[in-house]
> 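So that we are looking at the same thing, I have put the structure below in structure tokens.
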Amino acid sequence: MARFSWITSGESHGPSMAAVLEGLPAGLPLDLSAVDADLARRQLGYGRGGRMKIERDQVEVLSGLKGGVTLGSPLTLLVRNRDAVIERLPQVAAPRPGHADLAGCMKYGHRDGRAVLERASARETAPRVAAGAVARQLLSAFGIEVFAFVLEVGGVPEVPPDGESLWRAAGERRHEIRAGSAFHGLDPALEGAWVAAVDGARAAQDSLGGVFEVRVTGLPPGLGSYQSPPDRLTARLGAALFSIPAIKGVEVGLGFEAGRRPGSRVHDAILPADAGAPTRFRRGSNRAGGLEGGLTTGEDLVLRAAMKPIPSLRQGMPSVDMETGEPRDATYQRSDVTSVPAASVVAEAVVALALAEAFLEKYGGDSMEQVEAAFEHHRGQLRAL
Ligand code: EPS
């Protein structure tokens, strides 16, 4: 049985983008329309730019599936680029501050930023979302749901909103409320101010960042490990979120606030659970955000990430011409004003992928039947603990 792993490939304006997942158990039915629905959500959000008007991202499966069910072999997912013009695009003469252009050119010895940006582009997140949608279906077979929503766009609102209150208020209507939001948010009262912020930034030829929250429900306790530092799930989830382009900060549970409070107002009391609960224990609160010691606690996972504004600015940023060495504005072609809503969908994908990996480490088997048996066995152990 192969270890669960995945890779993406493709250039932003090449013929296509792809993802290959290895180590999926055989016997998982895949709903490809749900994969397409995630790809479509990634394309949405108020403030997206011209490229999203061109693309119609849809998944094609090239291997690993028969009759809609996984075979246990590598699963290859293809997302074609409509804007496949890589051979006709101009040089990127002046690197964009904030993008990988300059650091990438210095790494490889290129003078044309095009050689860097084609792969560094956030277009890469399209196949990642497809891969994440598959991971999400594996988790969903065990009652685990990954849900992200946008909290802030461009510093609006001024006081950071409480994700917990929004999440609780939305309850079972969360999918419906988020689907009705132009920003994948849960607070309809903020939509008008967000639209105004994006319109203002567009008029000023500027760009905006923001903050989103990812919540995971239905997790069993004990995913991850404290035995070896890199295996800690907290580290792996942090790395997953930081792998999304433009992410500059990640918080778990209370996050930075945990560093400001005394321990008695940080840690979550352990209490006896009611009879019939899945374990004999319950927690008085979830300030830990569902992770203790690098392991899931069985409480909801609560993660937040901050995204910087997109570095392709219409107004121009000071840069240097790579050929002449003279100062000039950074090269600009087109860009989004904000892609925080899209990043929240990518965050769901990378969190689902990291959790699928940890889930299969603990309960892994060659087939879904074997994974289910391992999962049920652990549930029995937890009831008896
Ligand atoms: C993106 C495709 C890109 C950008 C954007 C995201 O397409 P193009 O470069 O042709 O306009 O719109 O990329 C970035 C924000 C970035 O910094 O690279 C996509 O599919 O999401």
Side-chain angles (χ1 to χ4, degrees), residues 8-19 36 38-59 77-92 94-105 112-133 150 153-154 183-184 198 201-202 205-210 212 242-248 305 307-314 316-317 319 330-350:
T8 65
S9 66
E11 279 69 43
S12 180
H13 303 93
S16 62
M17 315 296 297
D36 285 342
D38 278 359
L39 286 171
R41 278 198 306 129
R42 194 200 73 92
Q43 288 201 257
L44 288 174
Y46 193 78
R48 286 290 248 165
R51 180 74 185 271
M52 291 304 104
K53 294 190 178 73
I54 301 171
E55 302 298 339
R56 300 277 177 280
D57 294 343
Q58 282 194 319
V59 72
L77 309 173
L78 192 80
V79 179
R80 288 185 199 275
N81 290 325
R82 286 189 168 198
D83 200 24
V85 292
I86 190 168
E87 301 298 348
R88 302 199 293 279
L89 285 169
Q91 249 186 294
V92 173
R96 295 161 294 172
H99 217 289
D101 302 351
L102 180 58
C105 281
D112 178 8
R114 174 71 51 198
V116 175
L117 87 77
E118 280 297 326
R119 181 64 186 156
S121 165
R123 180 82 192 132
E124 181 276 333
T125 61
R128 241 198 286 185
V129 163
V150 171
V153 178
F183 293 87
H184 301 336
V198 171
R202 185 183 287 113
Q205 306 192 336
D206 218 327
S207 61
L208 296 178
F212 54 81
F242 275 123
S243 77
I244 304 170
I247 297 303
K248 286 298 194 185
M307 182 187 200
K308 72 180 180 184
I310 279 172
S312 304
L313 292 193
R314 196 182 288 270
M317 284 284 287
S319 184
T331 303
Y332 178 81
Q333 273 166 359
R334 67 176 168 215
S335 69
D336 309 320
V337 177
T338 190
S339 52
V340 177
S344 73
V345 179
V346 182
E348 288 184 346
V350 296

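Just so you know, ligand 1 is whichever comes first in the structure, and atom 1 is the first atom listed for that ligand. Any value given below was found using the heavy atoms of this structure, including those in side chains, with hydrogens, waters and symmetry copies removed.
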> Among all protein heavy atoms, pick the one closest to atom 5 (C) of ligand 1 and tell me residue, atom and distance.
Asp336 OD2, 4.0 Å

> With a cutoff of 4.0 Å, is Arg42 in contact with ligand 1, counting heavy atoms of the residue only?
yes

> Under a 4.0 angstrom heavy-atom cut-off, which atoms of ligand 1 come close to Ser121?
3 (C), 13 (O), 18 (O)

> Please work out whether any backbone atom (N, CA, C, O) or any side-chain heavy atom from C-beta onward of Arg48 is under 4.0 Å from ligand 1, and answer side chain, backbone, both or neither.
side chain

> With a 4.0 Å heavy-atom cut-off (strictly under), which part of Gln43 contacts ligand 1: side chain, backbone, both or neither?
neither

> Checking the side chain of Glu124 only, and the main-chain atoms of Arg119 only, is there a donor and an acceptor separated by less than 3.5 Å?
no

> Any atom of ligand 1 sitting under 4.0 Å from a heavy atom of Glu55?
no

> Considering only protein heavy atoms, which is closest to atom 14 (C) of ligand 1, and at what distance to one decimal place?
Ala122 CB, 3.8 Å

> Suppose I only count heavy atoms of Arg334 and a 4.0 Å limit; which atoms of ligand 1 are within that range?
8 (P), 10 (O), 11 (O)

> Quick check against the 3.5 Å criterion: does Asp38 have a side-chain atom that pairs as donor or acceptor with the backbone of Val129?
no

> Specify the protein heavy atom at minimum distance from atom 12 (O) of ligand 1: its residue, its atom name, and the distance to 0.1 Å.
Arg51 CB, 3.8 Å

> For the residue pair Arg128 and Thr8, confirm or rule out a side-chain donor-acceptor distance under 3.5 Å.
no

> Do the side chain of Gln43 and the main chain of Asp57 share a donor and acceptor less than 3.5 angstrom apart?
yes

> Would you please determine whether His13 falls within less than 4.0 Å of ligand 1 on a heavy-atom basis?
yes

> Among Arg202, Arg42, Arg48, exactly one meets salt bridge (Lys or Arg N to Asp or Glu O under 4.0 Å) together with Asp336. Which residue is that?
Arg48

> Out of the candidates Arg114, Arg51, Arg123, only one should pair with Ser12 under the side-chain hydrogen bond (donor to acceptor under 3.5 Å, both in side chains) rule; please name it.
Arg51

> So which heavy atom in the protein is nearest atom 16 (C) of ligand 1, and how far is it from that ligand atom?
His99 NE2, 3.4 Å

> Counting neighbours of CZ on Arg314 that are heavy atoms of other residues, nucleotides or ligands and sit closer than 6.0 Å, is the number greater than 12?
no

> Give a yes or no on whether the backbone of Lys53 and the side-chain of Arg56 come within a donor-acceptor separation of less than 3.5 Å.
yes

> Checking a contact table here: which protein heavy atom is nearest atom 15 (C) of ligand 1, and how many Å away?
Ile310 CD1, 3.8 Å

> Can you name the nearest heavy-atom pair linking Ala130 to Leu39, along with the distance?
N-CD2, 4.1 Å

> Counting both backbone and side chain atoms, is some N or O of Arg123 under 3.5 Å from an N or O of ligand 1?
yes

